[in-house]
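Below is one structure, written out as structure tokens; comments come after it.
Convention: sequence-line order gives letters A, B, ...; per-chain numbering from 1. Every heavy atom of this structure was used, including side-chain atoms; hydrogens, water molecules and symmetry mates were not. Because the structure is a prediction, the values reported are computed rather than measured.
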Amino acid sequence: MPDAPPPQENDLLAGLTEPQLQAASHVDGPLLVLAGPGSGKTRVVTHRIAHLVREVGIAPWNVLAITFTNKAAGEMRDRVAQLVSERQARALTVATFHSLCARLLRQYGDRLGLKPGYSIYDTSDQKRAMKQCLDDLDINPKNFPPAAMLAAISNAKNDLLSASAFTQQASNFYDRTVAKVYTKYEKTLTKNDALDFDDLLFKTVRLMQQHPDALEELRERFQYVMIDEYQDTNHAQFMIAHALASGHQNLMVTGDPDQSIYGWRGADITNILDFENHFGNATVVRLEQNYRSTPSILAAADTLIQNNKGRRHKQLWTDNPEGDPVQVVTCGDGASEASWVADTFKSLNQGQDGQPGIAWGQMAIFYRMNSLSRVMEDTLRDAGIPYQIARGTAFYDRKEIKDAVAYLRTVANPADEVNLLRIINTPARGISVPSTKHLRAHALEHNLPFSTVLEDPTPVAGLNTRAHNSVAKFAATLQNWRGQVAGDTSLIPDPTLRGFVEDVITQSGLEAFYQNDTSDPDRERLANLGELVTSAQQFEEDMLLDAEREQDGASQTLSLHDKLLGFLERIALVADADTVQSDQGLVTLMTLHAAKGLEFPAVALIGVEDGLLPHSRSSESTEDLEEERRLLFVGITRAEKHLYLCHAKYRTVFGQSGPTVKSRFFNELPPDHINTVDASDDGTYFDPDPWGDTPSGSIRQPDGSLKRRRSLGQAQRGVATGLAADYPPGTIVRHATFGLGRVVNVATTGASTRAKICFNTAGNKTLVLQYARLERINPDGTTTSSSDTNTETGDDIPF
DNA sequence: TCTATAGAAATTTTT
DNA sequence: TTTCTATAGA
């Protein structure tokens, strides 16, 4: 039961409402805080930490707080620092699940046979490893796409199903193949001393299960555990939380079931819903008063989310003054939608009727898909509006950066074949694909690590002199770098991470290559590599600063090895939201997923259309649809004062333009709080039935001609039904590029349904139905798109 | 052995 | 529109 706050605590807990106070002053035992949007949840958590440290006398290093992003972790630490001393705040452990696990596995990994220099594989590393596995197993990636294999494996890992456990329960052909692939993939990662994202969690659970002494140490260390955004934890994270709390039971979780938006990633909403069952003696606090949004915005969110079945009722309310109604904006197309938002933000920025303007940094634009940011970006740039895009990985996804990082990884982890193979001939140094095959074959045959073979390529059969020399030279370069990292100061007296990264970029030949790259006249890629050097330097400075603070001034020198591992870990675990800078005076563009936990005075949501929100790939099952609704709920509730929900009548997606259907969620908003704006200019379009599902599919061109087009909504809705049944053999179809053809057969292999079609002009083609955008030709000669028969979702009612 | 080119396929959300 | 893959040519 919560302690009544002693009078002297008033300064710390003053200003908290009754329920906030109850949560913030709670000391021992399990605590569930069900926090509606904008209900002061972060305040409660930070004040509780401060209360524990300052008033209860808990040592800060005994406190563990888990947040959803690294940025949120940093902010939480900063906010606690304002309530306790800077030094105490430093001693707290505030991290994401993934970075906490990465750290624990460096510390305890030897118990699982894991070296401290292990690699963390991102999605593209995983894909490379997977392609290698499929190749080794002689499995056709057309039938078993790497991405689908990885998704299945990821799901298994999130449920803590090992490869052998998965194999045991695999019952059909497909699952048995996945099991084979999973087993091979695990073998590959182990051989490479590599973990994927899911492994970070999975291996930590394993560590706790198999090494009670380690778990005991961790329990001793983390006596007070807090987990934010608990509604988005998966089973593995649940197990970690419970393992840590199973002794002392001091587990505080905060979250909102209505904001669970990561179900597709394995998040299990029942973790939060069943918290009281897991802990019979749990204290439950509800934070339902909203301090963020106007009543209209809150009403919109609340009315919308009521449409989700099987959720706990929550009474959201606010004392905030009435503001403008929520604006539902109809635009002509994506470009005009973007300019409407830009114009509106401009006038908000200038301020109207004597009202002060809103700073650019107080405005945000959200979308369901990253690809929607492009038009918006161009428009903002042209309009001279400063903006930033939250895409943490974008920088590190660049080819030149990936290459440079692959060099660093190869240095840190000699076993990492995936990264080694990436750069063994990048830039070209005369080690061809056949040559690497010979090297690999030799390694396999003599059961040697690939890196050992590189160092002595003489006995490898099939290598010509040139390849042999190149390999030897390359191996020597690698050796030299590893020597530097291992601390051989005879090589470099005072090694900095910055200097090392620079050396690698130069000595690898990357610098020279991009210096002379004719396809990049502006030397942009070279500049990016420079940017990587800068970020290494930045990281180094931060790390030294942290170390100094921890050591209380006594500057302890960090080894290049530690700095390199830290840098690589940071690169691997950046989140999109991590790159958002506040107070930079920039309009923020981000996906709805990245927007979680943030708030802005003015918010515009673009692309609120069926097929985009809800997304076509997520509108099949009720669960998926409800998650899409929660996604919109999250978006709406980020807004404080001004909210614009925009959709366009026509949208260009992947270079194909077509009419759209406005989001069905518009029907679920409260009319009283909505103001509709028609900002579309219909002049150029022939638009017989803009909102119905009539498949006119025709667009009047500017020159007056009619052009037949497939709508985005139609094409994607067609996906929803069992397509195989819609295309029996013999069906005549039209393909955008191949023209007319006859369906020979349809088969579902692996994850996709493919149709073999004999085209009149293009011959036989096998196409994935899901993407082929086929048009079916009816026996009477009329053209019908596949979705016309799909009445299930064709009942759009004009808003 | 490497590179240029053309053609075809693939498009959610992310640690 | 972008990205990957296959293939031919240097």
Side-chain angles (χ1 to χ4, degrees), chain A residues 67-70 95-102 120-124 126-127 131 141-142 145-147 151 154 157-158 195-201 229 232-234 236-237 261-267 366-372 374-375 390-393 397 399 425-436 463-464 466-467 470 518-519 569 572-578 590-596 607 611-619 624 627-628 630-631 634-635 652-657 712 715-716 719 735-738 752 754 762 765-768 770-773:
Chain A
T67 57
F68 204 68
T69 63
N70 291 305
T96 64
F97 264 111
H98 289 270
S99 55
L100 174 75
C101 291
I120 299 173
Y121 277 4
D122 64 18
T123 315
S124 72
Q126 284 180 282
K127 270 214 179 108
K131 279 181 186 161
K142 289 249 156 71
S154 175
K157 286 183 177 178
N158 286 330
L195 299 183
D196 61 26
F197 290 128
D198 304 310
D199 282 333
L200 292 172
L201 306 172
E229 308 285 7
D232 281 322
T233 50
N234 62 30
Q237 292 166 329
I261 53 175
Y262 282 96
W264 54 274
R265 208 172 78 179
F366 303 149
Y367 34 81
R368 177 66 230 268
M369 275 197 304
N370 280 301
S371 59
L372 289 178
R374 234 215 167 94
V375 199
R391 267 228 98 185
T393 54
D397 281 344
K399 188 185 165 301
N425 199 35
T426 311
R429 54 170 67 86
I431 309 175
S432 67
V433 176
S435 296
T436 52
L463 279 194
N464 60 34
R466 191 179 159 206
S470 302
T518 46
S519 66
E569 179 188 308
L573 299 178
V574 271
D576 282 355
D578 290 340
M590 57 170 72
T591 63
L592 285 162
H593 283 91
K596 191 171 70 159
L612 289 173
L613 185 65
H615 195 274
S616 55
R617 307 266 291 243
S618 287
S619 35
D624 284 350
E627 183 154 308
E628 295 291 305
R630 289 194 291 268
L631 202 47
V634 167
T652 308
V653 182
F654 307 125
Q656 285 257 306
S657 177
L712 176 74
Q716 299 197 334
V719 175
H735 186 270
T737 33
F738 303 138
S752 55
R754 289 154 191 278
K765 297 271 171 194
T766 304
L767 302 168
V768 179
Q770 197 174 338
Y771 306 120
R773 301 190 178 207

If the cut-off is 4.0 Å, is A:Thr591 near the phosphate of B:dT14, judged by side-chain N/O to OP1 or OP2?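 Result: yes.
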
Given [options], the nucleotide with the shortest approach to the side chain of [X]:
{"X": "A:Asn370", "options": "B:dT13, B:dT1, B:dT11", "value": "B:dT13"}
{"X": "A:Ser618", "options": "B:dT15, B:dT12, B:dT13", "value": "B:dT12"}
{"X": "A:Arg265", "options": "C:dT2, B:dT15, B:dT13", "value": "B:dT15"}

Would you check if A:Phe97 stacks with the base of B:dT15, given a 5.5 Å centroid limit and a 30° plane limit, both strict?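 Ring-base stacking flag not set for A:Phe97 and B:dT15.
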
Does the aromatic ring of A:His615 sit over the six-membered base ring of B:dT12, closer than 5.5 Å centre to centre and tilted less than 30°?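 Stack criterion met.
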
From [atom1] of [X] over to [atom2] of [N], roughly how many Å is that when rounded to an integer?
{"X": "A:Asp397", "N": "B:dT14", "atom1": "CG", "atom2": "P", "answer": "11 Å"}
{"X": "A:Lys596", "N": "B:dT14", "atom1": "NZ", "atom2": "C1'", "answer": "11 Å"}
{"X": "A:Tyr367", "N": "B:dT11", "atom1": "OH", "atom2": "P", "answer": "20 Å"}
{"X": "A:Phe68", "N": "B:dT13", "atom1": "CZ", "atom2": "C1'", "answer": "11 Å"}
{"X": "A:Leu201", "N": "B:dT14", "atom1": "CG", "atom2": "C1'", "answer": "13 Å"}
{"X": "A:Tyr121", "N": "B:dT15", "atom1": "OH", "atom2": "C1'", "answer": "17 Å"}
{"X": "A:Glu627", "N": "B:dT14", "atom1": "CD", "atom2": "P", "answer": "13 Å"}
{"X": "A:Trp264", "N": "B:dT15", "atom1": "CH2", "atom2": "P", "answer": "8 Å"}

Contact nearer the 5' end of DNA chain B, comparing A:Met369 with A:Gln126: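 Closer to the 5' end of DNA chain B: A:Met369.
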
base_contact_polar (B:dT12 base, A:Arg617 side chain, donor-acceptor, <3.5 Å):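 Check fails, no donor-acceptor contact within cut-off.
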
Salt bridge (charged side-chain N to carboxylate O under 4.0 Å, His left out) with A:Asp196: which residues, sequence neighbours excluded?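 Salt bridge (charged side-chain N to carboxylate O under 4.0 Å, His left out) check on A:Asp196 returns A:Lys157.
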
Please list, pair by pair, any protein nitrogen or oxygen found under 3.5 Å from a nitrogen or oxygen in nucleotides 2-7 of chain B.
residue: B:dC2; atom: OP1; partner: A:Gly430; partner atom: N; Å: 3.1
residue: B:dC2; atom: OP1; partner: A:Ile431; partner atom: N; Å: 3.3
residue: B:dC2; atom: OP2; partner: A:Ser432; partner atom: N; Å: 3.3

All side chain to side chain contact (heavy atoms under 4.5 Å, CB included) counterparts of [X], not counting sequence neighbours:
{"X": "A:Lys131", "answer": "A:Pro146"}
{"X": "A:Ala102", "answer": "A:Tyr118, A:Ile120, A:Leu200, A:Glu569, A:Leu573"}
{"X": "A:Asp122", "answer": "A:Ser124, A:Asp125, A:Phe197, A:Lys402"}

Under 4.0 Å, heavy atoms only, any strand: does [X] hit a base, just the sugar-phosphate, or nothing?
{"X": "A:Asp122", "value": "nothing"}
{"X": "A:Tyr262", "value": "sugar-phosphate"}
{"X": "A:Lys131", "value": "sugar-phosphate"}

Would you measure the distance from the C1' atom in B:dT13 across to the matching atom in C:dC4 and give it in whole Å?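 Between the two C1' atoms, the distance is 23 Å.
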
Considering only atom C1', compute the distance from B:dT12 to C:dT5 and round it to an integer number of Å.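 Per the computed distance, 25 Å lies between those C1' atoms.
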
Which atoms form the tightest heavy-atom contact between A:Leu612 and A:Gly607, and what is the distance?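 Minimum heavy-atom contact is CB-O, 3.5 Å.
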
Of all heavy-atom pairs between A:Gly430 and A:Arg466, which one has the smallest distance, and what is that distance?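 So the minimum-distance heavy-atom pair works out to CA-NH2, 4.1 Å.
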
Results of ring-ring contact (aromatic ring centres under 6.0 Å, His included) for A:His593 - residues two or more places apart only: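 With sequence neighbours excluded, A:His593 shows a ring-ring contact (aromatic ring centres under 6.0 Å, His included) to A:Tyr262, A:Trp264, given in chain and number order.
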
A:Thr591 versus A:Phe366: any side-chain heavy-atom pair under 4.5 Å?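 No. Closest side-chain heavy atoms not under 4.5 Å.
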
